[in-house]
Amino acid sequence: MVLVSILGQIAGFLIFIGFIFLIVKSVKLNPSQFELLEGEEILKNVKGDYWQWTLGQEVQNSGEFAFTNQRIMFRSTFQWFGGLNIEISYREIVSVEKANVKGIMPVAFIIKTANGDSYKFAIMKRHIYIDLIESILKKGSEEN
């Protein structure tokens, strides 16, 4: 009976440590996880979500964004089993539109690409990132 109690306490402690690890991992930024191309630099690094339609409903994927001078990258928080990784070159973007999460929370924006793909991202203070994307797109169109 004592052995079962001790094993239960150890298991409870390990679960507690696991939750602490997950909380710290989900709050702390980790820009080193993004592999940069030659001449590429991270302009903004922030936590946020990617929303996608799966089985008729919108599903949230929490993770981290790196807005670089060449592209937007997203990596889901949990990279077990491959994780979710998205890379969008600014050259592919045709529009950026404000959107809501679940129809009510005004923190999202949708990026549409030339090949017809659409990505819904949610980041607090979305205007900062929309402005950043639009300024890079404007700069790119002026250079061409």
Atom OG of Ser76 and atom CG of Asn85: how far apart are they, to the nearest 0.5 Å? 6.0 Å
So, taking the atom named CD1 in Ile72 and the one named CD1 in Ile88, what distance separates them when rounded to the nearest 0.5 Å? 5.5 Å
If you link I, L, V, M, F, W and Y whenever their side-chain heavy atoms are under 4.5 Å apart, who else ends up in the same group as Trp53? none
For residues Ile136 and Ile86: do they belong to one hydrophobic cluster (side chain heavy atoms under 4.5 Å, members Ile, Leu, Val, Met, Phe, Trp, Tyr)? yes
Measure from the side-chain N and O atoms of Asn69 to the backbone N and O of Gly39, and report whether any donor-acceptor pair falls under 3.5 Å. yes
Nearest atoms (heavy-atom pairs only) where Asn100 meets Pro106: OD1-CA, 3.2 Å
Phe67 side chain reached by Asn45 side chain, heavy atoms, under 4.5 Å: no
If two hydrophobic side chains count as joined below 4.5 Å and joins carry through other members, does Leu84 share a cluster with Phe34? no
Check this for me: Lys138, atom NZ, are more than 12 non-hydrogen atoms of other residues, nucleotides or ligands nearer than 6.0 Å? no
What's the shortest heavy-atom distance between Ile110 and Ser118, and which atoms? CG2-OG, 3.2 Å
Under a single-linkage definition using a 4.5 Å side-chain heavy-atom cutoff for Ile, Leu, Val, Met, Phe, Trp and Tyr, are Ile93 and Met73 assigned to the same hydrophobic cluster? no
Using side chain to side chain contact (heavy atoms under 4.5 Å, CB included), reason through Thr113 and Tyr119 one step at a time and then give a plain yes or no. CA-CA 9 Å; Thr113 62; Tyr119 301 90; 3.9 Å; yes
State, yes or no, whether a side-chain contact exists between Lys120 and Glu58 at a heavy-atom distance under 4.5 Å. yes
Please check if atom NZ in Lys112 has more than 12 non-hydrogen atoms from other residues, nucleotides or ligands closer than 6.0 Å. no
Might you work through the side chain to side chain contact (heavy atoms under 4.5 Å, CB included) test for Gln57 and Gln52, ending with a clear yes or no? CA-CA 8 Å; Gln57 65 181 359; Gln52 70 186 102; over 6 Å; no
If you group Ile, Leu, Val, Met, Phe, Trp and Tyr by side-chain heavy-atom gaps below 4.5 Å, do Val46 and Tyr90 land in one group? yes
Contact between Leu43 and Thr68 at the side-chain level, heavy atoms closer than 4.5 Å - yes or no? no
Residue pairs meeting salt bridge (charged side-chain N to carboxylate O under 4.0 Å, His left out), one or both in residues 83-92, sequence neighbours left out, come to Arg71-Glu87
What class does the angle between the rings of Phe74 and Phe65 fall in, given that below 30° is parallel, 30 to 60° is tilted and above 60° is perpendicular? tilted
Between Arg75 and Glu64 (salt bridge meaning N to carboxylate O under 4.0 Å), is one present in this structure? no
For residues 122-132, please give each side-chain donor-acceptor pair under 3.5 Å, one per line with the distance, not counting sequence neighbours.
{"from": "Arg126", "atom 1": "NH1", "to": "Ala99", "atom 2": "O", "distance (Å)": "2.6"}
{"from": "Arg126", "atom 1": "NH1", "to": "Ala108", "atom 2": "O", "distance (Å)": "2.8"}

Any side-chain heavy-atom pair of Ile133 and Phe109 under 4.5 Å: yes
Can you tell if the side chain of Lys139 reaches within under 4.5 Å of the side chain of Glu134, non-hydrogen atoms only? no
Could you tell me if Ser62 and Asp49 have a donor-acceptor pair between their side chains, going purely by distance under 3.5 Å? yes
Between Val59 and Tyr50, is there shared hydrophobic-cluster membership here, with clusters defined by ILVMFWY side-chain heavy atoms closer than 4.5 Å? no
Can you find a heavy atom in the side chain of Val101 that is under 4.5 Å from one in the side chain of Ile104? no
As a quick check of understanding, evaluate side chain to side chain contact (heavy atoms under 4.5 Å, CB included) for Leu37 and Gln70, giving each step before the final call. CA-CA 9 Å; Leu37 303 173; Gln70 296 180 25; 3.5 Å; yes
